[in-house]
Number of protein chains: 4
Amino acid sequence: MQAKSPKEIKRDLILDAALKVFSEKGYHNATMNEIATAAGIGKGTIYEYFASKIQLFQQMLARGLYTYFESLEMQNLRRKTVEEMIHSLLEGHILFCRQHSRLTRLVFWDTQVQDDEVKDWMLQMRKEKEARLQKILEEGIASGELRQQDPYIMTLVVTGVIASIWAPLVLDGWDIETNYLADAITDVIMRGIRNQV
Amino acid sequence: MQAKSPKEIKRDLILDAALKVFSEKGYHNATMNEIATAAGIGKGTIYEYFASKIQLFQQMLARGLYTYFESLEMQNLRRKTVEEMIHSLLEGHILFCRQHSRLTRLVFWDTQVQDDEVKDWMLQMRKEKEARLQKILEEGIASGELRQQDPYIMTLVVTGVIASIWAPLVLDGWDIETNYLADAITDVIMRGIRNQV
Amino acid sequence: MQAKSPKEIKRDLILDAALKVFSEKGYHNATMNEIATAAGIGKGTIYEYFASKIQLFQQMLARGLYTYFESLEMQNLRRKTVEEMIHSLLEGHILFCRQHSRLTRLVFWDTQVQDDEVKDWMLQMRKEKEARLQKILEEGIASGELRQQDPYIMTLVVTGVIASIWAPLVLDGWDIETNYLADAITDVIMRGIRNQV
Amino acid sequence: MQAKSPKEIKRDLILDAALKVFSEKGYHNATMNEIATAAGIGKGTIYEYFASKIQLFQQMLARGLYTYFESLEMQNLRRKTVEEMIHSLLEGHILFCRQHSRLTRLVFWDTQVQDDEVKDWMLQMRKEKEARLQKILEEGIASGELRQQDPYIMTLVVTGVIASIWAPLVLDGWDIETNYLADAITDVIMRGIRNQV
DNA sequence: CATGAATGAGACTTCATTCAT
DNA sequence: CATGAATGAAGTCTCATTCAT
């Protein structure tokens with residue numbers, strides 16, 4: 001935990017403003033002028049920190065995803081069973097959606113960017129996320145905690161449920177207790193994939 | 001089934017071209033010129049049928065969603081149990097994803113349009129779809145087929161799984177037998193929500 | 001000699017305006033807006049005919065050089081001796097400088113363009129011009145009309161003199177009779193390179 | 001020869017860097033940043049010594065031309081005949097082109113600067129140079145060394161040849177012995193203008 | 001004095017929309 | 001009706017210049 005340099009502070013300031021404007025207007029409808037104004041700086045200053053609009057967007061997304069995965073990691077440490085892991089995954093996801101609703105909207109909805117580099121990179125992230133989850137589920141099957149099923153289909157179910165939570169939470173401001181929601185969904189999922197003794 | 005007027009034929013021609021171009025390039029990167037060329041007509045002619053780019057997009061989406069729901073309806077007629085309905089829902093969805101992969105991409109991914117009217121309308125569609133599904137699930141709970149659970153949470157799980165299927169099918173060209181996939185997912189979902197006797 | 005299409009007419013209109021503005025302001029200080037205004041059209045219209053500012057400049061130059069060389073060719077037909085050729089070269093050059101003073105300025109002075117393609121292309125033109133002249137001079141040496149001398153050095157002298165004429169003609173509006181000037185310079189040059197019997 | 005003050009040293013440092021960058025990139029494509037970096041100083045420091053980019057360019061050119069004329073003067077002292085003067089003029093010019101190829105390029109090619117003050121000043125320099133040469137030639141005519149001819153036309157020929165030398169020397173790196181080249185050109189010129197007894 | 005972060009005027013370019021043919 | 005040439009608003013990005021440190 002080290003102090004941020006002034007450059008990093010302003011960089012973050014711009015990223016914050018970019019997050020705000022991009023999430024409100026979407027990539028194409030956001031203008032560099034708006035972002036500059038939102039950051040309380042001049043238009044040209046952004047270009048001192050980011051080479052182009054698309055790079056600003058990409059790096060804002062990167063920071064957001066990094067935060068997201070970091071927040072999930074913190075939840076997932078020391079979990080033993082698949083059930084616990086899914087529960088903590090859901091809990092982390094719900095908390096993150098609530099705390100960073102704007103960012104979540106961008107990451108899970110606004111994925112429409114035509115820049116091929118960004119697109120490929122986001123696809124890559126999605127695959128990685130899936131692969132990590134699938135590995136956990138495969139281990140669960142091997143240990144006998146989960147029943148014999150195509151692990152990729154299990155993965156689809158879990159990621160699908162996770163992805164579908166953000167909309168009511170962020171768009172509708174769904175007011176439901178985090179733990180209760182995580183419990184209920186974990187319950188449905190686990191009944192679906194658990195090995196019935 | 002009545003014969004289409006010449007106006008309707010050309011209108012559909014434009015909508016087809018719009019679907020092709022929008023789905024390949026996304027809303028903002030598609031130009032009216034490209035769409036006109038893809039339709040084999042002049043740029044100005046589009047404006048004889050659609051007032052603006054955003055309205056063309058919206059009406060193309062509307063036609064697509066109408067087709068989607070129509071295709072689901074046809075699958076769902078005369079189904080009795082919730083299990084059958086979910087299975088047919090999945091089957092219809094998978095078939096539609098495969099047959100109209102471009103459209104699916106637009107409807108489930110490219111939702112980034114800032115025009116408020118379109119946005120609200122798409123949100124409305126989502127809510128309606130959810131509401132219809134939730135009603136089916138509630139009836140299943142009432143009839144004892146499904147166990148006592150928050151029906152909205154059940155809805156979330158089902159819609160989430162459905163939404164997550166399109167990506168591997170459309171983006172990765174996942175080659176899996178429709179019925180097998182529908183069976184497997186239905187199985188997981190139903191184990192999760194079925195009333196265990 | 002065929003009638004020009006409307007597209008070609010407007011293309012020429014834009015090239016004329018470009019010539020006017022570029023020659024008055026130079027490449028970098030000329031704006032597309034000015035050129036459009038000078039042509040009496042909208043800014044965007046230029047881009048219907050030319051892909052970019054640099055291409056407009058390049059094609060304006062190309063048309064100018066084509067006109068220049070064509071005008072020299074017409075002068076040079078049917079000349080027999082080197083003396084006659086140099087005289088007609090000078091005459092053509094002087095006439096062209098007077099008639100297309102703006103263009104001449106661009107071709108002979110404003111050569112400062114950083115676009116590498118244009119630069120290489122202009123260098124190429126210069127080399128070709130030199131090579132053609134040098135060949136004539138070499139033939140003059142072979143035929144005995146000119147004395148034994150390094151033909152490249154002769155070429156340098158002739159091109160140097162030619163290039164230096166435009167400045168007083170164009171910049172200072174030097175009022176001197178074309179034939180008299182051509183005669184006088186030809187005389188000086190020919191004394192310098194003629195084989196003294 | 002007096003010691004330079006620290007201010008003058010840094011001023012020269014900046015002018016050197018400006019010469020390097022301007023000659024490589026041209027006026028408009030050179031940036032103050034590059035010049036500062038090339039000089040190893042901060043961007044703002046340039047403005048302690050020069051009021052603006054255009055003034056930096058102008059003063060760099062002025063220093064260059066001053067050096068050029070000084071170098072010619074040194075060659076021309078104590079020359080008696082016109083032939084000797086032209087020969088030494090050529091010799092000095094060739095040497096300068098070789099030693100300061102970058103500067104030469106700027107002075108003889110990159111003349112495209114639209115700032116009226118600089119433009120007028122460079123025109124002024126050109127006129128002065130011409131006038132000085134014309135005076136020498138007029139004296140040659142009066143003394144009978146040169147034949148009766150319009151002295152301005154003679155001047156044109158001489159300046160033209162001089163101006164045309166730089167391109168092969170600087171651009172093509174023409175490898176030719178200085179004295180041989182000066183001799184050959186002087187020979188051609190003098191045959192052209194000398195009074196034939 | 002020296003610096004370089006900040007600025008914003010201004011340039012090029014795109015493209016939805018119009019309208020004369 | 002159909003067209004596509006013409007348009008100009010609007011957006012991204014550059015860079016000379018300023019000024020607080």
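Remember, predicted model here, so these are calculated numbers, not experimental data. Proteins come first, then strands; the chains are lettered A, B, ... in the order of their sequence lines, and each starts at number 1.
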Legend entry - For F/dA20, the Watson-Crick or wobble partner whose two distances fall under 3.5 Å: E/dT3
Legend entry - Residue A/Ser52, side-chain atoms from C-beta onward, closest of E/dA5, F/dC1, F/dC13: F/dC13
Legend entry - Spacing between D/Ile35 atom CD1 and F/dC15 atom C1', to the nearest angstrom: 12 Å
Legend entry - Separation between CD1 of B/Ile46 and CD1 of B/Ile35, rounded to the nearest 0.5 Å: 5.5 Å
Inset, instruction - Write down the partner of F/dG8 under the Watson-Crick or G-U wobble criteria, each distance required to be under 3.5 Å. - result: E/dC15
Legend entry - Atom pair distance, as rounded to whole Å: CD in C/Gln55 and P in E/dC12: 15 Å
Inset, instruction - Take C/Thr31 and A/Gly40, find for each the nucleotide of DNA chain E with the closest heavy atom, and name the residue whose nucleotide sits nearer the 5' end. - result: A/Gly40
Legend entry - Closest-nucleotide ordering on DNA chain F, the 5'-leading residue of A/Asn33 and B/Gly42: B/Gly42
Inset, instruction - Between B/Glu48 and B/Ala30, just flag the one whose closest nucleotide in DNA chain E comes earlier from the 5' side. - result: B/Ala30
Legend entry - Interatomic distance where CD1 belongs to B/Ile9 and P belongs to F/dC1 [whole Å]: 14 Å
Legend entry - Separation of E/dA16 P from B/Ile46 CD1 (nearest whole Å): 9 Å
Legend entry - Sugar-phosphate only, base, or nothing, as touched by B/Tyr49 at under 4.0 Å among non-hydrogen atoms: sugar-phosphate
Legend entry - Nucleotide nearest C/Lys53 when distance is taken to its side chain, options F/dA16, E/dA11, E/dA2: E/dA11
Inset, instruction - May I ask you to check if B/Lys53 and B/Tyr27 form a cation-pi contact, with NZ or CZ under 6.0 angstrom from the six-membered ring centre and within 45° of the axis? - result: yes
Inset, instruction - Please state whether the base of F/dT7 and the side chain of C/Lys43 form at least one donor-acceptor pair under 3.5 Å? - result: no
Inset, instruction - Please confirm whether D/Lys10 makes a cation-pi placement over D/Tyr49, using NZ or CZ under 6.0 Å from the six-membered ring centre and within 45° of the ring normal. - result: no
Inset, instruction - Using a 4.5 Å cut-off on heavy atoms from C-beta on, say whether the side chain of C/Asp12 contacts that of C/Leu15. - result: yes
Inset, instruction - Take the protein atom CZ of D/Phe22 and the nucleotide atom C1' of F/dC15, then report the distance between them rounded to whole Å. - result: 13 Å
Legend entry - Among F/dA6, E/dA2, E/dT13, the nucleotide that comes nearest once only the side chain of C/Tyr47 is considered: E/dT13
Legend entry - Selection from E/dT17, F/dA16, E/dA11 that lies nearest to any side-chain heavy atom of D/Met32: F/dA16
Legend entry - Length of the CZ-P vector between C/Phe50 and F/dA5, whole Å: 15 Å
Legend entry - Ion pair check, A/Arg63 and A/Asp16, cut-off under 4.0 Å: yes
Legend entry - Whole-Å gap separating C1' (F/dT7) and CD1 (C/Ile14): 13 Å
Inset, instruction - Compare all side-chain heavy atoms of B/Glu24 with those of B/Glu34 and state whether any distance is below 4.5 angstrom. - result: no
Legend entry - Given DNA chain F, 5'-ward residue of the pair C/Gly44 and B/Thr45, judged by closest heavy atom: B/Thr45
Inset, instruction - Go through F/dC1, F/dT7, E/dC12 for me and flag the one nearest to the B/Lys7 side chain. - result: F/dC1
Inset, instruction - Please report, rounded to the nearest Å, how far the C1' atom of F/dA2 is from the CZ atom of B/Arg11. - result: 18 Å
